[in-house]
2 protein chains.
Amino acid sequence: MLNSYTSADKVLLAVDCIIFGFDNEDLKILLIKRDFEPEKGKWSLIGGFLKKDEVLNDSATRILNRYTGFHDIYMEQLYTFSEIDRDPVERTISVAYYALINVENHNEELIQNYNAKWFSINEAPKLIFDHDKMLKHAISRLRYRTSTKPIGFELLPEKFTMRQLQKLYEAILSKELDKRNFISKINSLDILIKLDEKDMLSSRKGSYLYTFDKEKYEEKLMNDFVLNL
Amino acid sequence: MLNSYTSADKVLLAVDCIIFGFDNEDLKILLIKRDFEPEKGKWSLIGGFLKKDEVLNDSATRILNRYTGFHDIYMEQLYTFSEIDRDPVERTISVAYYALINVENHNEELIQNYNAKWFSINEAPKLIFDHDKMLKHAISRLRYRTSTKPIGFELLPEKFTMRQLQKLYEAILSKELDKRNFISKINSLDILIKLDEKDMLSSRKGSYLYTFDKEKYEEKLMNDFVLNL
DNA sequence: TTTTATTTGTGTTGAAATAACACTAAATAA
DNA sequence: TTATTTAGTGTTATTTCAACACAAATAAAA
């Protein structure tokens with residue numbers, strides 16, 4: 001029976017992040033053009049290596065911060081990928097995370113520095129290694145998430161219209177939703193505050209702006225629920 | 001920018017398995033009494049270390065085989081745990097898996113050798129390290145699984161009664177179900193074959209035995225579905 | 001000033017799914 | 001023969017879900 005720690009093999013542990021954003025039309029992911037070998041010049045998820053005295057979540061946070069400049073990013077562990085040759089350089093196990101951020105207020109400069117770019121998930125280029133598989137997983141998890149947790153706070157601007165929220169759900173679920181049914185389902189969650197203010201940019205009539213009721217939102221984040229759209 | 005593989009830290013990667021079984025009454029887990037330090041004599045999930053040239057799934061399979069004697073065990077990766085001091089001996093990241101097996105036909109001898117024992121999930125002892133947390137995760141994942149995949153083939157004997165199947169669902173979901181509603185929902189899945197044979201042991205009247213229609217079952221395993229009980 | 005075009009905002013209704021509910025049938029044991 | 005136990009089986013009310021259309025507000029164009 002193997003009971004000796006010292007005889008066990010050690011491996012490299014990477015963390016790769018699928019960063020989702022939303023531009024009022026499409027669901028997007030942030031990719032970088034790798035500037036080192038192997039696969040230099042190819043598109044890749046952002047990632048890095050786990051440090052010796054670092055918890056995985058902290059590692060993901062550090063990596064996310066490095067590429068976006070953000071602290072406090074919503075993020076969840078996804079799955080751990082371990083195919084032998086997934087990384088041709090050296091055996092590397094990768095723990096994938098996905099994150100949700102607001103496209104609008106992230107750091108342009110950082111994006112430039114890192115040769116990063118937002119892609120619609122439908123128009124994303126082929127990615128290196130097994131990153132395409134990770135992305136698929138992430139999308140599927142994000143879809144599931146819509147049925148058990150509120151979503152939007154992390155992806156939308158502070159104030160947003162009902163239409164924007166609906167577009168977000170449509171982008172994630174990749175299907176069209178009925179406006180009236182959507183509104184009544186969302187309202188039944190009781191997490192929105194209707195403001196006395198209209199957005200006049202997107203229509204002649206103008207549409208009311210909403211914000212999330214942060215307390216109620218976070219309470220739902222903790223305690224799941226069911227939402228069938 | 002960190003782009004050097006060689007400068008990254010390597011860590012120990014463990015695999016821990018939550019093995020679920022079912023005894024017609026309770027949902028059970030297989031635990032072992034550790035026979036080495038640290039925490040010698042305490043109850044623990046079965047586990048081991050990932051080998052250098054091994055994929056995580058294979059590692060879990062190997063470990064499951066060692067303790068149960070089974071090949072072809074149904075198994076899914078759960079989550080990766082990485083708290084710094086989760087293992088007091090050395091920094092160890094652990095990838096948790098859960099598995100479903102049939103309590104009846106597993107290897108008694110192996111259980112003896114390893115000081116293993118089945119516990120009802122309600123009566124499980126405190127476990128070492130963060131294994132309790134892993135167990136919680138696993139139960140929650142198993143519950144979710146009932147709503148998207150068929151379940152039972154892995155946990156029940158070849159032939160079983162409707163009541164047994166219901167008891168299994170009740171044990172997993174930890175709630176009582178209405179017999180008539182349960183039967184009609186299960187039947188609508190169209191994965192059972194009613195046999196021309198009765199089990200006379202558990203009642204005077206005797207109850208029909210069923211088996212899974214393996215093909216249909218596996219088709220549903222691949223393609224999810226929705227089952228609300 | 002009037003007309004046109006565009007997007008918002010709002011309820012009802014039929015269909016489907018779900019949850020609640022109770023009695024008879026079969027067999028063995030007393 | 002009677003009593004006991006568990007199996008087997010449908011209906012109904014409630015709830016949820018999906019489909020559906022038109023008027024109101026405004027800005028732009030005529």
Side-chain angles (χ1 to χ4, degrees), chain A residues 23-25 143-144 146-148 152 156-157 159-171 173-211 220 224-229, chain B residues 23-25 143 146-148 150 152 156-157 159-171 173-211 220 224-229:
Chain A
D23 70 349
N24 291 338
E25 208 51 50
R143 280 186 187 150
Y144 165 58
T146 60
S147 66
T148 54
L156 294 171
K159 299 173 182 180
F160 53 90
T161 64
M162 201 51 102
R163 177 160 183 76
Q164 276 176 289
L165 185 60
Q166 183 180 339
K167 281 267 182 195
L168 170 60
Y169 272 94
E170 289 180 336
L173 299 174
S174 189
K175 70 173 178 187
E176 299 206 338
L177 300 171
D178 178 272
K179 184 165 50 159
R180 283 165 293 186
N181 293 339
F182 177 78
I183 291 171
S184 58
K185 282 175 185 176
I186 289 294
N187 279 335
S188 74
L189 297 180
D190 187 34
I191 50 172
L192 292 185
I193 298 171
K194 187 175 192 171
L195 301 175
D196 224 8
E197 191 180 346
K198 286 195 165 190
D199 164 49
M200 300 306 293
L201 298 172
S202 59
S203 77
R204 304 208 206 291
K205 181 176 172 180
S207 55
Y208 281 105
L209 289 166
Y210 291 79
T211 44
K220 304 263 173 180
D224 288 17
F225 60 84
V226 183
L227 174 61
N228 294 314
L229 291 170
Chain B
D23 70 349
N24 292 336
E25 208 50 54
R143 280 187 186 148
T146 60
S147 67
T148 55
L156 293 171
K159 300 173 181 182
F160 53 89
T161 64
M162 202 49 104
R163 178 160 182 75
Q164 276 176 289
L165 185 61
Q166 183 179 340
K167 281 270 181 192
L168 170 61
Y169 273 94
E170 289 181 336
L173 298 173
S174 190
K175 70 173 178 190
E176 299 205 339
L177 300 171
D178 178 272
K179 184 166 49 161
R180 283 164 293 186
N181 293 339
F182 177 77
I183 291 171
S184 60
K185 281 176 184 176
I186 290 293
N187 279 335
S188 75
L189 296 181
D190 188 33
I191 50 172
L192 290 187
I193 297 171
K194 187 176 190 169
L195 301 176
D196 224 9
E197 191 179 345
K198 286 194 165 190
D199 164 49
M200 300 306 294
L201 298 172
S202 60
S203 77
R204 304 208 205 290
K205 179 174 173 181
S207 54
Y208 282 104
L209 288 166
Y210 292 79
T211 44
K220 304 264 174 179
D224 287 18
F225 60 84
V226 182
L227 173 62
N228 294 313
L229 291 171

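Chain naming here is simple, since letters A, B, ... match the order of the sequence lines and numbering starts at 1 in each. Computation of the quantities below employed the complete heavy-atom set of this structure, encompassing side-chain atoms and omitting hydrogens, waters and symmetry-equivalent molecules.
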From CG of B:N187 across to P of D:dG10 the rounded distance in Å is 11 Å
Tell me whether the OP1 or OP2 atom of D:dC17 has a side-chain N or O from A:N228 closer than 4.0 Å. yes
Which heavy atom in B:N24 sits nearest to a heavy atom in B:Q164, and how many Å separate them? OD1-NE2, 2.8 Å
Centre of A:Y210's six-membered ring, under 6.0 Å away, within 45 degrees of the axis: is that where NZ or CZ of A:K194 sits? no
Using atom CD of A:Q164 as one end and atom P of C:dT7 as the other, report the distance to the nearest whole Å. 15 Å
In terms of the nearest nucleotide of DNA chain C, which residue is placed more toward the 5' end: A:G206 or B:G206? A:G206
Gap between atoms CD1 and P, on B:I186 and C:dT18 respectively (whole Å): 13 Å
Ranking D:dT9, D:dA18, C:dT8 by distance to the side chain of A:N181, first place goes to D:dA18
What is the distance, rounded to the nearest whole Å, between atom CG of B:N24 and atom C1' of D:dT6? 15 Å
Steps toward side chain to side chain contact (heavy atoms under 4.5 Å, CB included) verdict (B:N187, B:M162): CA-CA 10 Å; B:N187 279 335; B:M162 202 49 104; 3.9 Å; yes
Position toward the 5' end of DNA chain D (nearest nucleotide), A:L229 or A:M200: A:L229
Starting at CD1 of A:I183 and ending at C1' of C:dT12, how long is that distance when rounded to a whole Å? 16 Å
If you look at every heavy atom in B:K205 and B:K198, which pair is closest and at what distance? O-NZ, 3.8 Å
Answer with base, sugar-phosphate or nothing: what part of the nucleic acid does B:K179 contact at a heavy-atom distance below 4.0 Å? base
Would you say the base of D:dT26 and the side-chain of A:K205 have a donor-acceptor pair closer than 3.5 Å? no
From CZ of B:F182 over to P of D:dT9, roughly how many Å is that when rounded to an integer? 15 Å
Rounding to a whole Å, what distance do you find between A:D199:CG and D:dA27:P? 13 Å
A:L177 CG to D:dC17 P: how many Å, rounded? 14 Å
Hey, does B:S202 reach any base, or is it just sugar-phosphate, or nothing, if we go heavy atoms under 4.0 Å? sugar-phosphate
Using a distance-only criterion (donor-acceptor N/O pair, under 3.5 Å, no hydrogens), is the base of C:dA19 paired with the side chain of B:R180? no
Is there, by distance only and without an angle test, a donor paired with an acceptor across the side chain of A:D178 and the base of D:dC20 below 3.5 Å? yes
Taking atom types as they are modelled, is there a donor-acceptor pair under 3.5 Å from the base of D:dT4 to the side chain of B:R204? yes
So do the side chains of A:I186 and A:Y169 get within less than 4.5 Å of each other, counting heavy atoms only? yes
